[in-house]
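All values reported here derive from a predicted model rather than from experimental measurement.
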Amino acid sequence: MTPQQEKLQQDAIEVLAKRMPFLNKDNAHTITVEPDASQLTVAGLDDEEETILKEILRKEYGYSHLK
């Protein structure tokens with residue numbers, strides 16, 4: 001995993017833990033990051049939850065290229 005992928009994955013874990021803790025109760029989420037860190041997929045989240053996560057990452061963490 002590239003440093004860019006690792007950073008995005010860690011930031012996604014942080015957002016889930018701190019900003020969306022209600023989603024972490026019983027779910028062990030699998031976070032997949034594309035090699036260029038432009039695509040993030042989180043198993044265990046529905047489309048709306050994943051969209052919210054990505055919006056937080058874009059606006060507060062600076063991942064403007066995230067799809």
Side-chain angles (χ1 to χ4, degrees):
M1 193 177 277
T2 68
Q4 192 176 20
Q5 284 175 290
E6 288 179 29
K7 176 74 171 131
L8 177 54
Q9 186 176 35
Q10 289 301 322
D11 288 343
I13 290 168
E14 181 178 310
V15 169
L16 282 169
K18 292 181 179 177
R19 301 287 302 276
M20 305 171 89
F22 52 91
L23 297 177
N24 272 336
K25 288 183 180 177
D26 297 321
N27 294 337
H29 301 293
T30 302
I31 299 173
T32 307
V33 181
E34 292 298 316
D36 63 356
S38 67
Q39 183 73 18
L40 173 76
T41 306
V42 183
L45 296 183
D46 65 28
D47 290 340
E48 184 178 358
E49 293 164 342
E50 191 170 308
T51 299
I52 292 167
L53 171 65
K54 289 177 182 179
E55 280 301 309
I56 292 170
L57 289 168
R58 283 184 199 107
K59 291 180 180 179
E60 296 182 19
Y61 288 75
Y63 290 100
S64 58
H65 63 281
L66 187 60
K67 297 178 187 171

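- The pair Glu60-Arg19 meets the salt-bridge criterion, with a side-chain N (NZ, NE, NH1 or NH2) lying under 4.0 Å from an Asp/Glu carboxylate O.
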Test side chain to side chain contact (heavy atoms under 4.5 Å, CB included) on Leu45 and Ile52; report intermediate values, then the result. CA-CA 10 Å; Leu45 296 183; Ile52 292 167; over 6 Å; no
Got a list of side-chain donor-acceptor pairs under 3.5 Å for residues 31-40, not counting sequence neighbours?
unit_1	atom_1	unit_2	atom_2	d
Asp36	OD1	Ser38	N	3.1
Asp36	OD1	Ser38	OG	2.8
Asp36	OD2	Ser38	OG	3.2

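- For Thr2, the side chain to side chain donor-acceptor pair (under 3.5 Å) partners at least two apart in sequence or on another chain are Gln5.
- The side chain to side chain donor-acceptor pair (under 3.5 Å) contacts involving residues 46-55 comprise Glu50-Lys54, Glu55-Arg58, where partners must be two or more places apart or lie in separate chains.
- Taking the side chain as every heavy atom from C-beta outward, Leu66 and Leu8 approach each other to under 4.5 Å.
- For residues 2-12, the salt bridge (Lys or Arg N to Asp or Glu O under 4.0 Å) pairs, not counting sequence neighbours, are Lys7-Asp11.
- Between atom CE of residue Met20 and atom NZ of residue Lys18 there is a gap of 15.0 Å, rounded to the nearest 0.5 Å.
- Once rounded to the nearest 0.5 Å, the distance linking CD of Glu14 with CD1 of Ile56 reads 11.0 Å.
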